[in-house]
Participant: 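Right, I'll just put the structure down here and ask away after.
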Amino acid sequence: HGRNGRIRRHAKSFSRDYMHPSHETDSMIIMGIKESLSRLAQESGENFIDFANRIEKSNYLFLHQILLDVLMEHATSYASWSCQYLLKSILHFQVGDLGSATLFSRKLIGAIFPYLKIDERTRLEEAILSYYPSWEQSSKGLHRRGSDQFELLWGIPDELLTPEGRKRRSELQRKFE
């Protein structure tokens, strides 16, 4: 993570997100990284976790995007590790793109939630329910308070949310839709 405690959202050679790079060469490199990481996840769990732990410490958003994309592909095998990753830092709820600040995080939550143990589901849902990024706490962001929380809750299948989680998502849905 960067010196200011944020994951860097840009690199000169990348456009909006890693799935839409600015050049064909960039696309080939990025997809090669993703495919290699996915193969590692499939063939060597221990080595994948070691590599994922290194990415987890990175301050480059595109690496987190790739990691979360691979974790979504292998949700059944890495649900617990993914949950730990998300709970380690509120920044991990902010892995998104220009269209949605939480897109990759939300998709990962939706992919892993059915495979988590009940205590992991509870901890993750509680973390989401208490999550308010700093911009939502500013005077400019106050009217949007809860929007990231709503987006993250939206990733969880309704039948897996606790009554409190369903109630909060319903409140936020009325507020934002």
Participant: Once you round to the nearest 0.5 Å, how far does CG of L103 lie from NZ of K107?
Facilitator: 4.5 Å
Participant: So which atom in A52 and which in L67 form the shortest heavy-atom distance, rounded to 0.1 Å?
Facilitator: CB-CD1, 3.7 Å
Participant: Do S44 side-chain atoms and L40 backbone N/O form a donor-acceptor pair below 3.5 Å?
Facilitator: no
Participant: Roughly how far, to the nearest 0.5 Å, is the CD1 atom of I30 from the CG atom of D69?
Facilitator: 11.5 Å
Participant: Of all heavy-atom pairs between F176 and R144, which one has the smallest distance, and what is that distance?
Facilitator: CD2-NH1, 3.3 Å
Participant: One pair to check against side-chain hydrogen bond (donor to acceptor under 3.5 Å, both in side chains): T102 and Q94. What are the steps and the verdict?
Facilitator: CA-CA 5 Å; T102 63; Q94 299 171 7; over 6 Å; no
Participant: Please tell me if the side chains of L172 and Q149 come closer than 4.5 Å, counting only heavy atoms from C-beta onward.
Facilitator: yes
Participant: Do any N or O atoms from the side chain of N53 and from the backbone of I49 form a donor-acceptor pair under 3.5 angstrom?
Facilitator: yes
Participant: Of all heavy-atom pairs between Y78 and G45, which one has the smallest distance, and what is that distance?
Facilitator: OH-CA, 3.1 Å
Participant: Can you find a pair of side-chain heavy atoms, one from E126 and one from L129, that are under 4.5 Å apart?
Facilitator: no
Participant: Does any part of the side chain of S105, heavy atoms only, come nearer than 4.5 Å to the side chain of L68, both counted from C-beta?
Facilitator: yes
Participant: Test your reading of the model: is there a side-chain donor-acceptor pair from R166 to the backbone of L161, 3.5 Å cut-off?
Facilitator: yes
Participant: Going by side chain to side chain donor-acceptor pair (under 3.5 Å), name the residues that satisfy it together with S38, two or more places apart in sequence or in a different chain.
Facilitator: E73, H74
Participant: Heavy atoms, side chains only, cut-off 4.5 Å: are L124 and I156 in contact?
Facilitator: no
Participant: List the residues meeting salt bridge (Lys or Arg N to Asp or Glu O under 4.0 Å) with R168, not counting sequence neighbours, and say none if there are none.
Facilitator: E171
Participant: Kindly say whether K117 contributes a backbone atom to a donor-acceptor pair with the side chain of E120 at under 3.5 angstrom?
Facilitator: yes
Participant: Should we count CD of E159 as having more than 12 external heavy atoms under 6.0 Å?
Facilitator: yes
Participant: Has H64 got a side-chain atom pairing as donor or acceptor with V95's backbone, closer than 3.5 angstrom?
Facilitator: no
Participant: Between CD1 of I109 and CZ of F93, what distance do you get to the nearest 0.5 Å?
Facilitator: 5.0 Å
Participant: So which atom in P114 and which in L160 form the shortest heavy-atom distance, rounded to 0.1 Å?
Facilitator: CA-CD1, 3.6 Å
Participant: Quick one: closest heavy-atom pair of L116 and S80, and the distance?
Facilitator: CD2-N, 4.1 Å
Participant: Test of understanding: with side chain to side chain donor-acceptor pair (under 3.5 Å), list the residues that count as partners of S36, not counting sequence neighbours.
Facilitator: none
Participant: Would you say F150 and L153 make side-chain contact, with heavy atoms under 4.5 Å?
Facilitator: no
Participant: State whether the side chain of K34 and the backbone N or O of I29 hold a donor-acceptor pair below 3.5 Å, judged by distance alone.
Facilitator: no
Participant: Evaluate the side-chain proximity of E56 to H92: yes if any heavy-atom separation is below 4.5 Å, no if none is.
Facilitator: yes
Participant: If you count every heavy atom of other residues, nucleotides or ligands that lies below 6.0 Å from Y131 atom OH, does the total exceed 12?
Facilitator: yes
Participant: Can a donor-acceptor pair be found, under 3.5 Å and without considering hydrogens, that links the side chain of T162 to the backbone of G165?
Facilitator: yes
Participant: To check you understand the geometry: which heavy-atom pair defines the closest contact between A75 and A111, and what is its length?
Facilitator: CB-O, 3.4 Å
Participant: Is a salt bridge present between R169 and D158, judged by a nitrogen-to-oxygen distance below 4.0 Å?
Facilitator: yes
Participant: Answer with yes or no whether the hydrophobic clustering places I128 together with Y132; edges join I, L, V, M, F, W, Y residues whose side-chain heavy atoms lie under 4.5 Å apart.
Facilitator: no
Participant: Quick one, Q65 and F62 - any side-chain contact, counting heavy atoms below 4.5 Å?
Facilitator: yes
Participant: Is there a path of hydrophobic side-chain contacts, each under 4.5 Å between heavy atoms, that joins Y115 and V70?
Facilitator: no
